[in-house]
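Just so it is clear, the structure is predicted and the values come from calculations on it, not from any experiment. So you know, we letter chains A, B, ... as the sequences are listed, proteins then strands, and number each from 1. Only heavy atoms go into these numbers, but all of them, side chains included; no hydrogens, no water, no symmetry mates.
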Amino acid sequence: MTQTGSVKNVSRHAALGLSDERAVQMYEKMLLARKFDERAQLLQRAGKVNFHISGITQEPSQVAMTFAMDLEKDWFLPYYRDYGLVLSLGMTVKELMLSLFAKEEDPNSAGRQMPGHFGSKRLRIVTGSSPVTTQVPHAVGFALAAKMRGESSVSLVSFGEGSSNQGDFHEGCNFAGVMKLPVIFVCQNNGYAISVPFRKQSAGRIADRAIGYGFPGIRVDGNDPLEVYRVFREAHERALAGEGPTLIEIMTYRVTPHSTSDNDLAYRTKDEVDEHKALDSLPVFRQYLTDLGLWSDEQENELLARMRREIDEATQYGENAPFQAIEDAFRHVYAENADEGKGQ
Amino acid sequence: MTQTGSVKNVSRHAALGLSDERAVQMYEKMLLARKFDERAQLLQRAGKVNFHISGITQEPSQVAMTFAMDLEKDWFLPYYRDYGLVLSLGMTVKELMLSLFAKEEDPNSAGRQMPGHFGSKRLRIVTGSSPVTTQVPHAVGFALAAKMRGESSVSLVSFGEGSSNQGDFHEGCNFAGVMKLPVIFVCQNNGYAISVPFRKQSAGRIADRAIGYGFPGIRVDGNDPLEVYRVFREAHERALAGEGPTLIEIMTYRVTPHSTSDNDLAYRTKDEVDEHKALDSLPVFRQYLTDLGLWSDEQENELLARMRREIDEATQYGENAPFQAIEDAFRHVYAENADEGKGQ
Amino acid sequence: MPVMEYIEAIRTAMKDEMERDSRVFVLGEDVGLKGGVFGTTKGLQQQFGEMRSLDTPLAESAIAGVAIGAAMAGMRPIAEMQYSDFMFPATNQIISEAAKIRYRSNNDWDCPLVIRAPIGGGVFGGLYHSQCPESVFFGTPGLKIVAPSTAYDAKGLLLAAIRDPDPVLFFENKKCYRLISDEVPEGDYTVPIGKSKVMREGDDITVIGYSMPLHFAMQAAEELSREEGVEAHILDLRTIQPLDREGILEAVSRTGKVLIVHEDNKTGGVGAEVAAIISEELLYDLDAPIRRLCGPDVPAMPINPPGEKHFLLNKDKLKAAMLDLARF
Amino acid sequence: MPVMEYIEAIRTAMKDEMERDSRVFVLGEDVGLKGGVFGTTKGLQQQFGEMRSLDTPLAESAIAGVAIGAAMAGMRPIAEMQYSDFMFPATNQIISEAAKIRYRSNNDWDCPLVIRAPIGGGVFGGLYHSQCPESVFFGTPGLKIVAPSTAYDAKGLLLAAIRDPDPVLFFENKKCYRLISDEVPEGDYTVPIGKSKVMREGDDITVIGYSMPLHFAMQAAEELSREEGVEAHILDLRTIQPLDREGILEAVSRTGKVLIVHEDNKTGGVGAEVAAIISEELLYDLDAPIRRLCGPDVPAMPINPPGEKHFLLNKDKLKAAMLDLARF
Ligand SMILES: Cc1ncc(C[n+]2csc(CCOP(=O)(O)OP(=O)(O)O)c2C)c(N)n1
Ligand SMILES: Cc1ncc(C[n+]2csc(CCOP(=O)(O)OP(=O)(O)O)c2C)c(N)n1
Ligand SMILES: [Mg+2]
Ligand SMILES: [Mg+2]
């Protein structure tokens, strides 16, 4: 990652309107997502939890996109690899651990859903499910509500490239296109849908599908978080200006197996994986900050130590926290009193 | 319609490889579809039948496309306005009348389904239903079967522009694109889906959607049947050459109400309709043949008389034919013996 | 009280609630200028504008999915499915999403959504414009399902559905639209979801059902009363999920002989659950086996008139079955 | 006879039939190199090539719809849905298309298609990897539905399903995959679709069900026999559509007391229809109300272990219910 920009001494992020502080915060969130993810993998291998699904190497772009959003007004519909995204929105490692251990205090689902199934009204994260791509029309519904109420709110919805082949992708995009709704459709193209490589998922480019819906589609390198930020900021501006949706295809690579239940070497080579691991943008971004004098090895070590403590504490908390009580396991099928859901 | 082509005295159709005889046949089928359709409207107005859904002004392109197909080998999945298409494949007016009157001898469904719900294994017309766009993945399945068996067979599937917004359009196109299957996807864009104008259906061009699936998408003027023929011939060649699908968007206009149950002046003006009626390509094509000396008023009158007789007879036959017997009304939910369906 | 057509009662409920609550809007195919293919939403776009009587693209999964999103965002959408036959593309959104949003988020999110869809045959609509899809959605916890048979209930249940904090499928019978008229209060009232209603009292046999076939039962009951002295007790379930267990058991206890009727095909229909509840709770109060008179187990009714007639219930079929049960 | 795992019986049936009939092929997500997420199709791509063990894009409506097209074209597709929870996007293709093709064309076209989907919980899969979707498809005429509980039946029913001229939903229980092993003949045999099987004979109570919970019933029956001298008669429906009426009535007659079990939630489940059939036909032979022991009416089971356990049936729950019925 090298500096561009015509004015000397203006860093890339400054040229994009990001303060040094924000650039550093971005890095911190990326690192936190990475460290949480690594710990979750360890916990699964140690048999402490049943299942983890990783977002490793996708976090830098997940974090970068949130920096272009308005956390007070926008709505977020992430998918299961979006740890970088939800951490940037304010979900804590403790909350993620409560979800990983499926405990009652988990704000996402009280330990009912699998980890990676995010949801928190407080954080404007819309509850998600396992059947892929259903969240795409939901995001359009949030944008429609915003338009109807005259609110300047954008909805961001994220999904994999495999999932973009579901009918709901098409129906949602087309609906948003017709009504010029403020939605950012984010396809995180990591090359695989479980074992199926992209060339068996689609013969086109996902970004190009936007042409048929009458709005811009942009392909961006997921290993260049500042470029990701730039593209999202533009999409956000378009959305707020009433110019309608944008489809953004983030090119990335799934360096882990699909989930802890998957053996990826049954369908791809270690060489291929290693090649992509080498492209990880996390150390590159660290170097970028270091070169600018915004980051140092001491800061890194201090941050790592702080994160290790935070993650240790969260792990312990999550592990020891109680499961939802049996008496409550079947509650909330319907509202328990007529006033529920009357709010907003 | 004027002649093009660099060699003098070579007509447009000859330049496309169509004999004079075929060009005249084309016209005859167009006219037959028109006359059947007009009669069906009359019958409905006279209270003889409950319901008709018209294809008027869409027939010229429907007929033209079949002339580019192989009627012995290809498979056809039409939609409810495709009278021109099925008549060109060999369905008779008598058969259409049996369907219109919902009689047992109707080969499409023995009078079980609405008119316009075509199906005839003999004519390689695949049975269709009312929920729109379900036929799109079926066509892909036929093409897949052809590829698996090494048959040089193409499947042609047709649907409206409103219907192209269903998830099944997306899923079917994408599947065919990945596997480079011999399918021609035909969107007959007639500007309306019942009352909803195209601008409220999609903000893009339907043809452009093909870009996202990695195959060609072509928009063609439905009022230029020879150009329609040309485009389909190319698509057919591509399909047989293993180059995969083509999406063809035929620009046309629905000059009738959606169906005999619809009052279109609730949502569009008579002026708009009249403007498009004036663009009807049937008289233009007649003039084209006449200018070339291939057609005359006498021939026209003779043909009209012959068609009138044929349609009269078919109407009478259809009207008098028996309904499916009550004893048979509930048959064929499942095969009645294990050998059924074992064939092919 | 003014007498009103069933369809007008539905339209009035939407109109009234849209006036009262700015969060309420209607979306679906042709619901705008055209006012719906049956005319159910006629006038709403003129009164409330293009956004609140919103013509959508032809895509049912999006209609449901966008409505779900809007509901989660705090709106009160009414999604119209043009025919219930065409709601199947939206099944995943309805069953995987709407029904599970509250439960999966442990009450953090909710989905106050109404999906309206016309059911039933008898309009020469053939296989795909006549179906009763109840059994597909029935038995999915998290959904409520109502199916009114009168104009009064149609308005009152629709108002209750719109105000309900959970997703409600509202199955209106297209044959009832203009055939059924009854007294409907002008102002605001609701019919509680989950409560059945005794349509007619009697001591000889009990008929339990919902939607259009109950009108045949009522006609048959009058004739049987006059001609045979048989008095039928008729219960309109009105809500088919959750079923009104108490109402069912009370109605059965009254006579000890029960006939369950619906137009949806027999096997796997709502009637099976009603029978199962009775045989679970009231076995020793029964004086006859539990009978069901329902649509035949074929994919859907044919369009040709004899086929359609053969498929459908009518007064005579009801009368014969009711008399047979009375004589048991 | 070799003892084989349930999952291997399924794999073997596909392999054998693909060897025997070149029209048979498998399509679905990850069914190729990976051999399916459970390993059910392992080795098929290696043996039969990429086209006959075909990795599809992630799109269930296309998987079903393309398979339907291929079936109409004369192939014999086996479409795999990765989890039955994920077959809902294909509902429209299954209910509107596959189920109605023969009927709507008056027997001109047919749709010999198998859709395989793993059902059931107990694998810490949470809400969307544990469901039983039977009730959604049950009651749609034109579909056949099978749900084997043993390896023997799994192979025999799958072979019958592939050869069946109509669409068959094949619900395999993911908990059975590796937990259930039994004797499976090596060669070719079929288990007839539509026929139930007596798993155990007894004179005190009858248990009727399908799939995994029957194994709990068998364990409970052995204990009840030893400990209480109660002898349970256990009927495996095997096919849930069309139901084996005669088999059901015979099994009920044997004891006069019946408990119906399934993992799918109670309301609107297959058990309701079984109860309705019995109460229609055998009311006077019953010595106790018809009981059902099923999944609770909540959207789906939670992933946390106590919640999952609370949701699921097990031997103890079966035993308690069976004993209670015996003592009635
Ligand atoms: C409708 C549906 N079908 C199948 C699955 C099973 N499944 C879970 S993740 C996945 C692959 C998703 O691939 P992609 O969209 O590329 O996202 P990625 O996992 O690569 O980030 C599949 C098939 C599902 N969750 N939902
Ligand atoms: C899934 C589904 N939804 C709704 C309908 C009702 N419907 C029948 S035709 C039609 C409009 C179709 O428009 P288009 O695809 O443009 O074809 P056109 O009728 O204009 O030729 C609608 C909404 C249907 N048949 N199927
Ligand atoms: Mg992926
Ligand atoms: Mg159209």
If you apply the rule side-chain contact (heavy atoms from CB on, under 4.5 Å), what do you find for M75(C) with L144(A), and how did you get there? CA-CA 10 Å; M75(C) 302 295 286; L144(A) 179 66; over 6 Å; no
Which is it for D168(A) and Q93(C) under the side-chain contact (heavy atoms from CB on, under 4.5 Å) test, yes or no, and what are the steps along the way? CA-CA 9 Å; D168(A) 272 359; Q93(C) 284 291 348; 2.8 Å; yes
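The part of I125(A) that comes within reach of chain C is its backbone (N, CA, C, O), which places non-hydrogen atoms under 4.5 angstrom from that chain. For a residue to count as touching a neighbouring chain, one of its non-hydrogen atoms must lie under 4.5 Å from one of that chain's; by this rule D108(C) touches chain A with backbone and side chain alike. At a 4.5 Å heavy-atom cutoff, the contact between K144(C) and chain A is made by backbone and side-chain atoms alike. If you measure heavy-atom distances from V126(A) to chain C, the contacts under 4.5 Å come from both the backbone and the side chain. Contacts between L58(C) and chain A at a heavy-atom distance below 4.5 Å are absent for every atom of the residue.
Side-chain contact check for K100(C) versus S129(A): every heavy-atom pair is 4.5 Å or farther apart. In this structure, the side chains of E336(A) and N107(C) stay at 4.5 Å or more apart for every pair of heavy atoms. No side-chain heavy atom of H117(A) sits less than 4.5 Å from a side-chain heavy atom of R104(C). The closest side-chain heavy-atom distance from N106(C) to S109(A) is not below 4.5 Å.
Of the residues considered (A62(C), A64(C), P242(C), S96(C)), A62(C) shows the highest number of contacts with chain A, using heavy-atom pairs under 4.5 Å. Annotation: maximal heavy-atom pairing with chain C below 4.5 Å, among S120(A), G172(A), G167(A), A139(A), occurs at S120(A). Between chain A and the residues E60(C), R52(C), E97(C), M51(C), the largest count of heavy-atom pairs under 4.5 Å involves E97(C). No other option in C111(C), A67(C), S105(C) has as many heavy-atom pairs under 4.5 Å with chain A as S105(C).
Within 6.0 Å of CD on E280(C) lie more than 12 heavy atoms contributed by other residues, nucleotides or ligands. Atom NZ of K34(C) has more than 12 neighbouring heavy atoms from other residues, nucleotides or ligands inside a 6.0 Å radius.
Contact record, H332(A) with R102(C): O-CG, 3.4 Å, taken as the closest heavy-atom pair. Residues A145(A) and A73(C) share a closest heavy-atom pair of CB-CB, 3.7 Å. Between T134(A) and N92(C), the shortest heavy-atom contact is CG2-ND2, 3.3 Å.
The OG1 atom of T56(C) sits 9.5 Å away from the CD atom of E171(A) when rounded to the nearest 0.5 Å. How far OH of Y334(A) is from CD1 of I193(C): 10.5 Å, rounded to the nearest 0.5 Å. Between the CE atom of M179(A) and the CG atom of D55(C) there is a distance of 10.0 Å, given to the nearest 0.5 Å.
Put simply, the side chain of Y103(C) never gets that close to the backbone of R331(A): no donor and acceptor are under 3.5 Å apart.
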